[in-house]
Amino acid sequence: MAEPERTERRLRPAPLLFEPAEAAADPEHFFDLESIEDPRELLARATELTLAFRAAQERAMEFQAVAAAQLADPRRFDRLPPAVIAEEAEWTEDYALKMIEFGESLQRGTLPDAD
């Protein structure tokens, strides 16, 4: 099955390194950015983190869509109606319907038409 064109465009994000517990407890500490003094280096690392978070958000959203589609699958004896999926995900029902459709398209390996 061919991958959707969208996955070919994905940027490879910078690795998100886990921080020591004492650093994570400090509200001013964020991936050691506060210790970078060179503005060019700071811009480069902050940009890497921004791209990594965007890629992670997009990937997580795709997993949400697939899960929503699986939960709404009419072949499941325990399927959930879109309203219940919306409530569990803290979405509107309209958004849940779109996410279900998106998830179904991801499972088929196609992307839905833009509205």
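By convention here, the first residue in the shown sequence is residue 1.
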Could you check whether atom CD of Glu93 has more than 12 heavy atoms from other residues, nucleotides or ligands sitting under 6.0 Å from it?
yes
Nearest-0.5 Å distance that lies between atom CD1 in Ile85 and atom CD1 in Ile100
4.0 Å
Test of understanding: clusters of I, L, V, M, F, W, Y form through side-chain heavy atoms closer than 4.5 Å, transitively. Do Leu33 and Phe53 belong to the same one?
yes
State plainly whether one hydrophobic cluster holds both Met61 and Phe63, where clusters connect Ile, Leu, Val, Met, Phe, Trp and Tyr through side-chain heavy atoms under 4.5 angstrom apart.
no
Side-chain contact, heavy-atom cut-off 4.5 Å: Arg79 with Asp73?
no
Do Leu43 and Thr47 come close enough that some side-chain heavy atom pair is under 4.5 Å?
yes
As an exercise, state the distance from CE of Met99 to CD of Glu104, rounded to the nearest 0.5 Å.
12.0 Å
Could you tell me whether Arg45 and Glu48 make a salt bridge, using a distance below 4.0 angstrom between a side-chain N and a carboxylate O?
yes
What's the separation between atom CD in Glu87 and atom OG1 in Thr92, rounded to the nearest 0.5 Å?
13.0 Å
Nearest atoms (heavy-atom pairs only) where Ala96 meets Ala86
CB-CB, 3.7 Å
Spacing of CZ belonging to Phe102 relative to OH belonging to Tyr95, to within rounding of 0.5 Å
8.5 Å
Determine whether more than 12 heavy atoms belonging to other residues, nucleotides or ligands lie under 6.0 Å from atom CD of Glu37.
no
Apply the test side-chain contact (heavy atoms from CB on, under 4.5 Å) to residues Trp91 and Gln64: give CA-CA distance (whole Å), side-chain angles for both, the deciding distance (0.1 Å), then the verdict.
CA-CA 11 Å; Trp91 297 332; Gln64 281 183 310; 3.7 Å; yes
Other residues, nucleotides, ligands: >12 heavy atoms within 6.0 Å of Arg40 CZ:
no
Is Gln107 close to Val66 at the side-chain level, that is, under 4.5 Å between some pair of heavy atoms?
yes
Shared ILVMFWY cluster between Leu71 and Leu97, side chains joined below 4.5 angstrom?
no
Hey, any chance Ile36 and Leu49 share a hydrophobic cluster, counting ILVMFWY side chains that come within less than 4.5 Å of each other, even indirectly?
yes
